[in-house]
Structures are given as structure tokens and as C-alpha cells.
Amino acid sequence: MEKLWGGRFREALDPEFARFNASFPFDRRLLRADIRANAAYCRALRRAGVLSEDEEARILEGLERILERAERDSDYLERSSAEDVHGFVEARLAELIGETAYKLRTGRSRNDQVSTDLRLYLREQCDLLLEELRQLQAALLDLAERYAEVALPGYTHLQRAQPVVWAHYLLAYFEMFERDRERVRLARARVNVLPLGSGALAGTSVPIDREWLARELGFERVAGNSLDAVSDRDFVLEVIFAAALLQMHLSRLAEDFILYATSEFGFLTLGDAVATGSSLMPQKKNPDALELIRGKAGRVFGHLMSGLTMMKGLPLAYNKDMQEDKEAVFDVLDTVRASVRVATVVLRHVELRPERMTQAALEGYTNATELADYLVRKGMAFRHAHELVGRIVLYAAEKGKSLNELSLEEYRRFAPHIEGDVYDALSLERALASKRAIGGTAPERVRIALCEARERLQGAQGG
Ligand code: ARG
């Protein structure tokens, strides 16, 4: 095993422990970030007078060659017995340029290095996720516009409640993903701080210009306390939290669509591209894509809990427990990013069944509230109107009629001030059109909301 330490040890590492201790099998993902941070640090050392111009040039060239080789030859990483990515880079650099390689470690520890690498990696991951989220939202808006004014029942307690239009329903998810993008941006800002130059825990005695280093690596600012800088993993947890909340939203969308695709609802059909069949039952078409998105939420939430628990008892400053952060956050980002991409594909492969949705919106007394509002307009207090309409619904249900099917005579037996205009008030169109205030489901309001959503998304392009 290639190690970065060993002077004070007499015996070799137990092989079982060596495997347990090594992080290279997973932190090799940080190679590009590690090389970049190394290159910047090399230049900072030169500026501090620790390296000569010639040494700087040789190190920079060596680092570039390592990256280039790693990208072309997968065996290069596979074969290595390095303990971690930092050891890998130092060993390869020494092979390429000799003794000078070992000067790069001056004034630096893996503790400030690993945090720097992870921050560089997560910053890029946040940017990729933000763009994928934008694509998801664009697909949401496309699907919303295709069936914008189709009515469906809105539910509370999964009981038919009041009608809404399809675009209004989908825009609810648009809002959730807007908040998710904001959370990812905020998490990214917390990530974008430079720990390098904190040494192992106490700071560095090499006159490194940390402000310069931060600018060089694109960090917004320099971490202000060396103890905190090497032992802080808030930024990892914040990324995981933002991702977990996003996955929760995806899971709710998946659940809705799974229900809506059942024969019982029959509101939509999933494209063949995102469904699977049964090995036994020939008629089956299963929503596996959506079920996996829902199922993976548990896995992502688990990483959030393990991350918080891992950190909670750690004394300052760095502890090896913290090595556990990497597999967690890598798996979270892999999972959430894949889920966002698959959800986007699902949205692009959905057909609605507008007649089924509209039929459902007309059934189940979803216009009972309209009748109560009608009575209020005729001067009744809402409390009494509510009570009365409840009795009318009970009567109609016993007769097997909808509210629109009751005769004026039947209505008059309940309330003499009900007139012929009640049927207009009970219509689906009126029920929808009346929800005109900001945030409501009136088609004219939803058209405005759709335009605003498009604009917000366009404004977000590229950042
Ligand atoms: N592989 C380690 C990690 O992920 C790197 C830092 C190791 N530092 C140390 N003092 N052992 O946390």
C-alpha cells in the first residue's frame, strides 16, 4: 500500500484494516478536484517562495499528465493500492518528476485538502443538478400547457374535494421544484468557501496567500477558522438535505402519477418507454420508473440521518469518522440526479385521458362548496349554508342524483330563496372560473401563472 505516513511505525498495516481504512475505491471520484486544488496550491507555494519557478513548472506539468492518463487509461486507477486520492496523486507525481513531488505537501494536510476537493466536487454537482432541475421544470410546463384547461378533481384526504385545472395541478409541483432550486443554490453558496491553508487544524506557517488561492479556485471566500475549516461538514449535510427534500417532492409526484395511471383513476397512461411488463400476467403495464423514484427517497433520507449522526459526537477537529461523508453524499447525488432525469423522461411520455378526468371532476359532489357560496351570495351566513348544503347532499345521494340533477322544486323545499340561476352556479366552468384571486385555479389566472413560470425558468437559464 502506498502511504503518506510511516516514519514512526515499525510494523506493516494489517491487510484487513488496510482495506477498511482505504478510501481510494470511492474518493478517486475526487481526482479531478484534487489535481486542480494541487495545481493552485503549487502556484501558491511558488508565490510564497517555497518552490522555484522550475519546480513549479515541473509539478504543474506532472499533475496535468496524471489527469490526462487517468482519463484515457482506466487501469491506471484500478491497479493502484493507494490509501486515498491524495496519496495516489503524490505517488504518481513522484513517479513522473521525482523528489520535487514531495515538496507539494509543504504546510498542508489531507484534512484541509479533502475538504477543498469535496467542495470543488460538490460545487460542480450542484451546478449539474440545477440544470437537470430546470429541464424537469421545463417538461412540467410543457405537459401543463398541453392539457392546460382540462378539469380534474382536486383531493384532500384523497377524497374528491373541488375541481382544478390540470395546469394548476402541475404548477403546484413547479413551485416545489422552484424552492428546490433555491435550496440547491443556497447549499452551493455554503459549499463555495476555501478551507485550504488551514493545515491539519492549527493553520499554516507557510506564507500562503489564501485570498489569492480562493480566487484561483473560484471560491467566494476563505474559511475564517482553521479548526472549523477542517472539521466542518455542514456543507455536505446541506447538500444532502436539499437533495432529500427534492427527492421527497419527486416521490409525491410519482405517487400521484402511479395512482392516476391505475384503472381505478384512469386519468393518464404512461408511455411504453417508461413502464414495464409482468413476467406472468400478460396484461400488466407497471409504473416501475415512478416506483423506483418513490422507493429511492428512503435511501436518500437514510444518508441524511447517517450524516447527522456521524457528526454529532465528534470532538474538534478532524476525525476519521468524517471519511464516511463521501459515499453518502456521492450516493445521494447519483440517486437524486438520476431520479430527476428519469422523472423528466416520464413527463415527456405521459398521455392524459381528459374525458376521464373531467368526468371525475363532475362526480362526487365537488360543486357542493359552490352551492354554499351561492347561498351566501343570497344572504345566508356561511355556517348555515354549509349545514344546509350538507343536508341537500345527503338527500341527493340517497336519490342517486348529482346536485345539477335536483329540480328547482326539490331545492325550494330546502331553501325558498334558491332560484333558476343556481344551475349556472353549479356548473364546472363557473366553479373553476370563480377562483380568480392570485394562486387560484381559474383558467385565466392559471394562464398568467404559466407565463410567469416560463419567465422564471428562462431567467434561470445557465445559472
Ligand atoms: N480519506 C480521508 C477522508 O476522507 C482524508 C483525510 C484523512 N486525514 C487524516 N488525517 N487521516 O476524510
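One-based numbering, in listed order, for ligands and for the atoms of each.
By the 30° and 60° cut-offs, the orientation of the rings of Y155 relative to Y260 is tilted. Taking the six-membered ring where tryptophan is involved, the planes of F265 and F267 are perpendicular, since the angle between them exceeds 60° and thus also 30°.
Residues passing the side-chain hydrogen bond (donor to acceptor under 3.5 Å, both in side chains) test with N111: none are found, sequence neighbours excluded.
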One pair per line, please: each N/O atom of ligand 1 matched with every protein N/O atom under 3.5 Å away, atom names first, then the distance to 0.1 Å.
{"unit_1": "ligand 1", "atom_1": "1 (N)", "unit_2": "S23", "atom_2": "OG", "d": "3.1"}
{"unit_1": "ligand 1", "atom_1": "1 (N)", "unit_2": "Q323", "atom_2": "OE1", "d": "2.7"}
{"unit_1": "ligand 1", "atom_1": "4 (O)", "unit_2": "K326", "atom_2": "NZ", "d": "2.6"}
{"unit_1": "ligand 1", "atom_1": "8 (N)", "unit_2": "N111", "atom_2": "OD1", "d": "2.9"}
{"unit_1": "ligand 1", "atom_1": "10 (N)", "unit_2": "N111", "atom_2": "OD1", "d": "3.0"}
{"unit_1": "ligand 1", "atom_1": "12 (O)", "unit_2": "Y318", "atom_2": "OH", "d": "2.4"}

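Close placement of the F88 and Y76 rings is indicated, their centers lying within 6.0 Å of each other. Ring pair F330/F26: centre-to-centre distance not below 6.0 Å.
Remark: R123 is positioned above the aromatic ring of F219, its terminal NZ or CZ atom under 6.0 angstrom from the ring centre and at most 45 degrees off the axis.
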